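Since the structure comes first, as structure tokens, the remarks are kept for the end.
None of these values were measured; they are calculated from a predicted model. Just so we're on the same page: letters track the sequence lines, and every chain starts at 1.
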Protein chains: 2
Amino acid sequence: MNDMTEIDRQRRSGPRIEEVARLAGVSKSTVSRVINGEPYVSARARDAVHEAIARLRYSPNQAARSLAGSKANAIALIISEAGSRVLGDPFFAGMLRGVHAELAGRHTQLLLMLSRPEGHDDLVDYLGGGHVDGALLVSLHGDDPLPQRLHEIGLPVVVGGRPLGAASVPFVDSDNFTGGLEAVRHLVSLGRKRVATVAGPRDMAAGLDRLSGWRRGLGEAKLAADLVAEADFTPESGARAMTELLARAPDLDAVFVAADIIALGVLQVLHASGRRIPQDVAVVGFDDSLLASTATPPLTTVRQDVEQLGRTMTWRLLGELAGEDGLPPSLLLPTSLVRRASA
Amino acid sequence: MNDMTEIDRQRRSGPRIEEVARLAGVSKSTVSRVINGEPYVSARARDAVHEAIARLRYSPNQAARSLAGSKANAIALIISEAGSRVLGDPFFAGMLRGVHAELAGRHTQLLLMLSRPEGHDDLVDYLGGGHVDGALLVSLHGDDPLPQRLHEIGLPVVVGGRPLGAASVPFVDSDNFTGGLEAVRHLVSLGRKRVATVAGPRDMAAGLDRLSGWRRGLGEAKLAADLVAEADFTPESGARAMTELLARAPDLDAVFVAADIIALGVLQVLHASGRRIPQDVAVVGFDDSLLASTATPPLTTVRQDVEQLGRTMTWRLLGELAGEDGLPPSLLLPTSLVRRASA
DNA sequence: CTGAAAGCGCTTACAG
DNA sequence: CTGAAAGCGCTTACAG
């Protein structure tokens, strides 16, 4: 029992900065300067230190560095979802690719963390502890207090997707409103008169803003904006929503669907009802994910560049960490209509 | 310019343990004891401290705690793959689910980190810094030196999937050998005489061990073990391997495929060649992923419980962190044959 | 360009 | 049960 405790208490092995200094024949200060790439160090001292570091396989204690006021050289990507949903979702895959790309070549670790609101206390504790220099937050639902709380503990944060609460936190988002608007304009240009929408969840800006775009598009064309059904990001909920819309308005001739993955269920119900796409009902999706091009028929959709979203968030956060000024508080990335067979 | 530097240097805001102590009318020591849940603290002191913490919204600096010798209350799950491949792979999704499940209710953060060998230096630096108490490593290829390096810096590690190098590091794996053996025994019991295999990559134990099981099974039955082709974890490579096998042995009547996802390509080539499954060629996969039940025909396969793998790794690591003794150095989890239509 | 010293915010024997 | 003090391993003005 006591033995175990002792073993437990054992500090991490490995040399300290002190030993590096001794071997290199300089002071701890100089070693520190070399490690941190500061300019005023003689070439001789620098070489000696580098050699000593290599010889001793020295790796600085990050907790001490962080405590002494330096950076952690790490940022967190926090996904506010349960773990099981996240992997497998191409949205997060694209986002992660973008973050990685932007981080390439910098000596900055990425910590991917999944958290539901129940776990926020522990998460905030951890992030408040100097383990990371900043955080990227994605997939926030409703008015999740997380961005605000991180802001309060002084941690630089960039949110992916406009947050519904916390107005003061910088975010990067796709221009969902314009995307929805363009989708409807396209449908209207095709001569459609009864344009429904399967909207995304109302607790996320992506759902709300695409819906607003749809509404605005119909307003422009002086058409009724009354056919709305809601779905979450699954084909099943899309099928349910489409069934409901068809029951309410058998004469509808177009649907704007807030996500390609939802459109999968929509297409299925339309097929099952005997309607031809696009002759009887035109369909426009959102995302331009892989699903769009392999759907039957291939889906006309609004493209958002998720990887670019990840890159831009990372760029914005790193800029803030570097103390750059003139950074835009928030950014909206353009979307574009991709025409395929469904509309 | 100077302004920026100053702003940069600003320490995280928020109260210190000192202020909590003052407000609660006790010493820093006592506050620390309360925070760490130590037994010998008077109820009165404890209450006062808790109230002060709540009032001040105090959250301890983890870097300082870690430096002073306490734990980080976090573990890392390190996946040795490029980011883009990881998300979307049901193996990692299942693993992550298991780790999360085992961590539930403990105040332990999970850091998901992706790293290719090129990034190991930075990763080791970070992990050596007291930001985590231990690490779980999965998807190691070849004799990746990472487990050994982490071992050297004194970080407790558990590897998922038997590592090919570093013999001394504890690991948890599915019993791939027995899985492969059972698959072949089943094929032999069906009367098959020319049993080929599409093996997994040779730089991973999963590939090697399943192949060994296949070989052993054929040895038991006194059948030739000469029909081997290799694939990585993609349908395309499976198709290529099957094409090659068919060219070499048009009379083969069974194939053991090292993964369901590879089997997808195998089935496709067999169909295209006009062979009936299982009448002409029986096929057994590995994993029992979702793909297996939705394949055409539904795939007989060797089931491994990936979620359980994640749970067990986590349990083993936490056990070590808690200083438990009598922990098994490594564990092999059982696999089982799931019979469907393909064999 | 360099070193001695103070300090980052905690934890933990030690002594009471 | 509790407090004063030392110490964890770095970084960074400060003085040279």
Side-chain angles (χ1 to χ4, degrees), chain A residues 2 5-6 8-22 24-49 53 56 58-73 125-126 128-131 153-154, chain B residues 2 5-6 8-22 24-49 53 56 58-73 125-126 128-131 153-154:
Chain A
N2 264 344
T5 312
E6 255 179 66
D8 242 9
R9 284 272 136 263
Q10 250 177 36
R11 317 210 131 258
R12 294 261 187 292
S13 51
R16 299 292 111 93
I17 197 174
E18 179 82 54
E19 298 159 51
V20 176
R22 206 179 311 138
V26 298
S27 72
K28 293 194 302 174
S29 310
T30 297
V31 175
S32 176
R33 291 191 185 100
V34 172
I35 291 172
N36 292 293
E38 279 172 35
Y40 297 116
V41 182
S42 66
R44 228 187 113 207
R46 193 185 310 279
D47 291 348
V49 169
I53 288 177
L56 295 172
Y58 170 71
S59 157
N61 179 315
Q62 303 294 331
R65 299 183 82 179
S66 161
L67 182 57
S70 117
K71 307 186 306 161
N73 293 316
D125 275 1
Y126 188 80
H131 296 294
I153 64 173
Chain B
N2 264 343
T5 312
E6 253 179 67
D8 240 9
R9 285 270 135 268
Q10 247 178 37
R11 317 212 130 257
R12 293 260 187 295
S13 52
R16 299 291 111 95
I17 197 173
E18 179 82 54
E19 297 158 52
V20 176
R22 206 179 311 139
V26 299
S27 69
K28 294 194 303 175
S29 310
T30 297
V31 175
S32 176
R33 290 190 185 101
V34 172
I35 290 172
N36 293 292
E38 278 173 35
Y40 296 114
V41 181
S42 67
R44 227 186 114 207
R46 192 185 313 277
D47 291 348
V49 169
I53 288 177
L56 296 172
Y58 169 71
S59 157
N61 179 314
Q62 301 295 330
R65 300 183 81 180
S66 161
L67 182 58
S70 116
K71 305 187 309 162
N73 293 315
D125 275 0
Y126 188 81
H131 295 294
I153 65 174

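With both ends at atom P, the span from C/dC1 to C/dA5 equals 24 Å, rounded to whole Å. D/dG9 and D/dA13 have their P atoms separated by 23 Å, given to the nearest Å. Taking atom P in both D/dA6 and D/dT2, the straight-line distance is 23 Å, to the nearest Å.
Note on A/Tyr58: every side-chain N or O is 4.0 Å or more away from OP1 and OP2 of D/dG9.
When distances are taken from the side chain of A/Ser32 to each of D/dT12, C/dC1, C/dC10, the shortest belongs to D/dT12. The side chain of B/Tyr40 lies closest to D/dC1 when the candidates are C/dT11, C/dC8, D/dC1.
Every side chain to side chain contact (heavy atoms under 4.5 Å, CB included) that A/Ala48 has, sequence neighbours left out, goes to A/Ala24. For B/Ser32, the side chain to side chain contact (heavy atoms under 4.5 Å, CB included) criterion is met by B/Ile17, B/Asn36, not counting sequence neighbours. For B/Arg22, the side chain to side chain contact (heavy atoms under 4.5 Å, CB included) partners two or more places apart in sequence, or in a different chain, are B/Glu18, B/Glu19. Partners of A/Arg46 by side chain to side chain contact (heavy atoms under 4.5 Å, CB included), not counting sequence neighbours, listed by chain and number: A/Val34, A/Val41, A/His50.
Atom CZ of B/Arg16 and atom C1' of C/dG7 are 13 Å apart (whole Å). Rounded to whole Å, atom P of D/dC8 lies 15 Å from atom NZ of B/Lys28. Across the protein-nucleic acid pair, A/Arg22 atom CZ and C/dA4 atom C1' stand 16 Å apart, rounded to whole Å. Between the CD1 atom of B/Ile17 and the C1' atom of C/dC8 there is a distance of 14 Å, rounded to whole Å. Put simply, CG on B/Asn36 is 16 Å from C1' on D/dC1, counting in whole angstrom units. B/Glu18 places its CD atom 11 Å from the P atom of C/dC8, with the value rounded to the nearest Å. If you measure from atom CG of B/Leu67 to atom C1' of C/dC8, you get 9 Å, rounded to the nearest angstrom. Taking atom CD1 on A/Ile35 and atom C1' on D/dC10, their separation rounds to 9 Å, with Å as the unit.
For A/Pro39 and B/Glu38, each mapped to the nucleotide of DNA chain C holding its nearest heavy atom, the one lying further toward the 5' end belongs to A/Pro39. Two residues, B/Ala45 and A/Thr30, neighbour DNA chain D, and the one matched to the more 5' nucleotide by heavy-atom proximity is B/Ala45.
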What N/O pairs connect the protein and nucleotides 14-16 of chain D at under 3.5 Å? Give each pair on its own line.
none

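Here the shortest heavy-atom pairing between B/Val31 and B/Ala21 reads CG2-CA, 3.6 Å.
Atom OG1 in A/Thr30 sits 10.0 Å away from atom CD in A/Glu38 (nearest 0.5 Å).
Remark: DNA chain D forms stems of 3 or more consecutive Watson-Crick or G-U wobble pairs, all pair distances under 3.5 Å, at C:1-3 with D:14-16, C:5-12 with D:5-12, C:14-16 with D:1-3.
The base of D/dA4 is not paired with the side chain of B/Ser27 by any donor and acceptor separated by under 3.5 Å. For a distance-only test at 3.5 Å, the side chain of A/Ser29 fails to qualify as a donor-acceptor partner of the base of D/dT11.
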